[in-house]
2 protein chains.
Amino acid sequence: MNALKVETEQKIINAAQEIFIEKGLQGARMQEIADRAGINKALLHYYFRSKEQLFDAIFQGTFQRIIPQFAQILRMKTKPEEMLQALLEFYNNFFMENPYMPQFFFHEIWQNPDRIAGIIKSQAMHPEELVATLKDKLPPLSDSAFFPQHMMANVMGMLLFPHIARPLFQRLFFNNDDQQYNLFLAERTEFLMNMLGGLMGGHSVDLSNAPDENF
Amino acid sequence: MNALKVETEQKIINAAQEIFIEKGLQGARMQEIADRAGINKALLHYYFRSKEQLFDAIFQGTFQRIIPQFAQILRMKTKPEEMLQALLEFYNNFFMENPYMPQFFFHEIWQNPDRIAGIIKSQAMHPEELVATLKDKLPPLSDSAFFPQHMMANVMGMLLFPHIARPLFQRLFFNNDDQQYNLFLAERTEFLMNMLGGLMGGHSVDLSNAPDENF
DNA sequence: GTCTATATGCAGATAGAC
DNA sequence: GTCTATCTGCATATAGAC
């Protein structure tokens, strides 16, 4: 029966998603995926010939849940503050609900960067366009040739760090208290907006006085 | 002969370091480590009884190369700008020379956070001390109870991101050009100092006008 | 489509000679 | 200490019955 087939496939996908994201391709066990899906190993191979293929399907799927959003925000023809707000809000919430995602992506970034780059470029999301948009919309706070890249690295770094470093950061600075940490994460969008809002408006931080002091 | 033994052990450690850092505990193969060290598998087990033990030795070693530095900088009783400068400079350079390190650490952060937390705390580096120092030295830019944690996350995120996301970031925004990317990384300390210097001095960014605008 | 049973291969670990 | 040869176990994958 076709409905049953679809249902089973979905159970597999859900289970595999969890396991792969927690343990990565290498760490995941087909047995564990089968168990969590409530079926047996043989059936896994019936639906997805190999572990690799299963992984590919999962990976592509999860990735496509977050990239289009990025492209869409990028094309919002509004003020940079609003783009930033939308960006921070969406991804911060997404990572709060999917805490394993960031480490999952970074793992893949190192294992197979070409695959990810390929997926991104196939999503109507073009890096040059992004750089150009930033150069155009941001006040010229620095004359570095890499100014847009720096700003991207800043935003993404500040956004991602509390999520990707969570297990350690929470232990060290929050008494390993889940609730406290969630509060911290929840208020982070606002905190970052406060910090960055000024920058994007083009006032506030003076970047022209280079610190050539003994360095 | 003892000198020979030490030499072999060092070869193993060097090889294992590279492999583990690139592939993680799961992804690494004892065969590959043996090959790169120029010996055979049996000898690996002679020196380190199991893969786990070998990994532990490597991990502890690399970790202790970068934590003490942090504690030391933290205790420099100087202006926050100078602490920040020392911090950025040291770790940015370290990660430029050891590009696989960040991902290696994050991998472990998710696999075994307690181990890392333990090592850190055993290094005369106490989280509460750090938080207190920051609260004391930083101008009160925000009244969030987590203000020090936010600032740490900011600095660490901005510092780490270009390293940990390198394979993808370089492909997307630097035509996958190693030289260009190294230039980018090299100028990053200065860029960040320019951006953050103002904040630490206590002027520039107004964080008091919360953006309660339709949000 | 789903199962049980089995094959295949590989990686970690050991035995034992030198 | 260092090697070759071998064992053991486990994980992926397949065969074949229902």
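Throughout, a chain's letter reflects where its sequence line sits, starting with A, and its residues are numbered from 1.
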For this session: Give a yes/no answer on whether the side chain of A:T8 brings an N or O atom under 4.0 Å of OP1 or OP2 in C:dG1.
Result: no
Exercise. Which part of the nucleic acid does B:L44 contact within heavy-atom distance under 4.0 Å: base, sugar-phosphate only, or nothing?
Worked result: nothing
Exercise. Counting only side-chain N and O atoms of A:H45, is one of them less than 4.0 Å from OP1 or OP2 of D:dT14?
Worked result: no
For this session: Could you state the atom-to-atom distance from CE of A:M30 to P of C:dG9 in whole Å?
Result: 18 Å
For this session: Please determine, for the side chain of A:L43, which listed nucleotide (C:dA13, C:dC3, C:dT14) has the closest atom?
Result: C:dC3
For this session: Rounded off to whole Å, could you give me the OH-to-P distance for the A:Y47 and C:dG1 pair?
Result: 6 Å
For this session: Answer with yes or no whether the side chains of A:Q31 and A:D35 bring together a donor and an acceptor at under 3.5 Å.
Result: yes
For this session: Calculate the interatomic distance between A:L54 atom CG and D:dA13 atom C1'; express it in whole Å.
Result: 13 Å
Exercise. Between A:L25 (CG) and D:dA11 (P), how many Å, whole number?
Worked result: 14 Å
Exercise. Taking the six-membered ring of A:Y181, is the NZ or CZ of A:R166 close enough (under 6.0 Å from the centre) and on axis enough (within 45°)?
Worked result: no
Exercise. Is the ring centre of A:F184 less than 6.0 Å from the ring centre of A:F174?
Worked result: yes
Exercise. For D:dT4, does either OP1 or OP2 sit under 4.0 Å from a side-chain N or O belonging to B:N40?
Worked result: yes
Seminar exercise, completed: From the candidates C:dC3, D:dT12, C:dA13, the one with an atom nearest any side-chain atom of B:K51 is C:dA13
For this session: Could you tell me whether B:A34 contacts a base, only the sugar-phosphate backbone, or nothing, with contacts defined as non-hydrogen atoms closer than 4.0 Å?
Result: nothing
For this session: Ignoring backbone atoms, establish whether B:Y46 has a side-chain N or O less than 4.0 Å from OP1 or OP2 of C:dT14.
Result: no
Problem set entry | Distance, rounded to the nearest Å, where A:F55 contributes CZ and D:dA11 contributes C1' | 17 Å
Exercise. Taking the side chain of A:R49 as heavy atoms from C-beta outward, which of D:dT14, D:dT12, C:dG12 is closest to it?
Worked result: D:dT14
Problem set entry | Nearest to side-chain heavy atoms of A:R29, which nucleotide of C:dC3, D:dG1, D:dT12 | D:dT12
Exercise. Please give, in whole Å, the distance from C:dG1 P to A:E7 CD?
Worked result: 13 Å
Problem set entry | Test item: A:Y91 side-chain N/O and A:L160 main-chain N/O as donor-acceptor pair under 3.5 Å | no
Exercise. Within the side chain of A:E32, is there an N or O that forms a donor-acceptor pair under 3.5 Å with the backbone of A:I19?
Worked result: no
Exercise. Rounded to the nearest Å, what distance is computed from the CD1 atom of residue B:I33 to the C1' atom of nucleotide C:dA13?
Worked result: 14 Å
For this session: Specify the separation, in whole Å, of atom CD of A:Q26 and atom C1' of D:dC10.
Result: 15 Å
